[in-house]
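These notes are about the structure you will find just below.
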Amino acid sequence: MVDVEQYWHQLMQQGTVLLEHDDVVGALVSFEQACILARSLADRWDDIDDALAAVVASHLGFSEALERAWRIDDAACALCEAHGVLLQASRDATLTPPARLCALRHLRGTTAALLRFQLSHGVRADMESGMHEAWNCAAQLAPAAGMQPLPMTLH
């Protein structure tokens with residue numbers, strides 16, 4: 001599995017460098033490939049935290065590249081997709097409690113990204129709904145783990 005993880009890291013590095021050099025199209029390709037790889041192989045990574053972090057980082061990079069390409073709706077979809085993966089994992093009864101809490105920890109990052117996106121591009125119903133669902137999950141799971149609640153919305 002190390003080779004897949006290394007390849008994912010290479011795609012992410014390549015996307016970051018391309019974005020820094022204003023090669024938005026190249027960055028889009030790299031980040032999209034990283035998203036596909038992270039999502040398709042998430043259950044085969046050595047560590048659930050690494051797998052979820054890869055899904056989130058890939059989608060955040062892809063979303064940033066989409067924003068730079070002025071594809072705002074697609075950027076929102078990429079953020080919502082990462083958030084949705086984490087919501088699903090946090091509710092998945094077949095995952096161990098530590099794995100579900102790991103998903104909940106990562107939900108903090110995607111919730112913050114959704115809030116930042118809305119500050120830049122306006123409030124979106126799809127994002128508000130996803131943040132509300134994350135808040136409900138956190139209200140159920142976080143206290144048992146000693147975690148603080150998630151931020152709710154911009155309102």
Side-chain angles (χ1 to χ4, degrees), residues 1-96 98-135 137-138 141 150-151 154:
M1 195 61 202
V2 173
D3 293 337
V4 172
E5 291 178 32
Q6 287 176 346
Y7 182 57
W8 176 83
H9 281 285
Q10 289 172 352
L11 288 169
M12 291 298 293
Q13 275 187 316
Q14 181 179 354
T16 301
V17 168
L18 290 168
L19 203 54
E20 288 172 358
H21 289 94
D22 293 323
D23 182 353
V24 176
V25 173
L28 283 169
V29 171
S30 292
F31 286 128
E32 184 173 32
Q33 289 176 346
C35 286
I36 292 167
L37 185 61
R39 291 282 309 269
S40 66
L41 299 175
D43 61 337
R44 292 189 232 158
W45 285 56
D46 294 333
D47 181 280
I48 186 72
D49 190 42
D50 290 345
L52 292 173
V55 169
V56 171
S58 301
H59 284 78
L60 291 178
F62 189 45
S63 178
E64 182 180 347
L66 287 164
E67 270 188 273
R68 297 262 300 268
W70 294 101
R71 293 174 52 190
I72 304 304
D73 287 341
D74 292 335
C77 286
L79 288 177
C80 287
E81 187 173 332
H83 196 71
V85 167
L86 296 173
L87 280 170
Q88 183 179 8
S90 70
R91 294 180 180 140
D92 187 344
T94 65
L95 293 177
T96 65
R100 292 174 69 197
L101 288 173
C102 177
L104 185 62
R105 279 193 310 275
H106 286 290
L107 271 171
R108 298 179 71 80
T110 57
T111 298
L114 292 171
L115 286 168
R116 281 190 302 273
F117 188 90
Q118 289 191 111
L119 284 171
S120 295
H121 302 289
V123 175
R124 301 174 61 100
D126 53 346
M127 290 183 171
E128 289 289 303
S129 173
M131 287 186 290
H132 185 71
E133 289 179 54
W135 186 82
C137 284
L141 296 175
L150 295 167
L154 290 175

Quick check: do Leu19 and Thr16 have side-chain heavy atoms less than 4.5 Å from each other?
no
Find out whether Leu60 and Leu79 are in side-chain contact, i.e. whether some heavy atom of one side chain is under 4.5 Å from a heavy atom of the other.
yes
For Ser90 versus Ala103, what's the shortest heavy-atom pair and its separation?
N-CB, 3.7 Å
Are the side chains of Glu81 and Val55 in touch, meaning some heavy atoms are under 4.5 Å apart?
no
Which pair of heavy atoms, one from Val24 and one from Arg68, lies closest together, and at what distance?
CG2-CB, 4.1 Å
Check for a donor-acceptor pair, side chain of Ser63 on one end and backbone N or O of Ala75 on the other, with a separation under 3.5 Å.
yes
Compare all side-chain heavy atoms of Arg100 with those of Thr96 and state whether any distance is below 4.5 angstrom.
no
Under a 3.5 Å distance rule, please check whether His21 uses its side chain to pair with a backbone N or O of Val17 as donor and acceptor.
yes
Roughly how far, to the nearest 0.5 Å, is CG of Leu37 from OG of Ser58?
7.5 Å
Find the distance between OG (Ser30) and CD (Gln10) and round it off to the nearest 0.5 Å.
10.5 Å
Which residues pass the ring pair (Phe, Tyr, Trp, His ring centres under 6.0 Å) test with His9, not counting sequence neighbours?
none
Would you compute the distance between atom OG1 of Thr111 and atom CG of Leu87 and round it to the nearest 0.5 angstrom?
7.5 Å
Find out whether Gln33 and Tyr7 are in side-chain contact, i.e. whether some heavy atom of one side chain is under 4.5 Å from a heavy atom of the other.
yes
Report the distance from atom CG of Leu86 to atom CG of Leu52, rounding to the nearest 0.5 Å.
6.0 Å
Would you name the heavy atoms of Val56 and Ala82 that are closest together and state the gap between them?
CA-CB, 4.4 Å
Nearest 0.5 Å please: distance from the CD1 atom of Ile72 over to the SG atom of Cys77.
11.5 Å
Are any non-hydrogen side-chain atoms of Val85 and His106 less than 4.5 angstrom apart?
no
Among Glu64, His59, Met12, find the one that has a side-chain contact (heavy atoms from CB on, under 4.5 Å) with Phe31.
Met12
Spacing of CG belonging to Leu28 relative to CG belonging to Asp74, to within rounding of 0.5 Å
9.5 Å
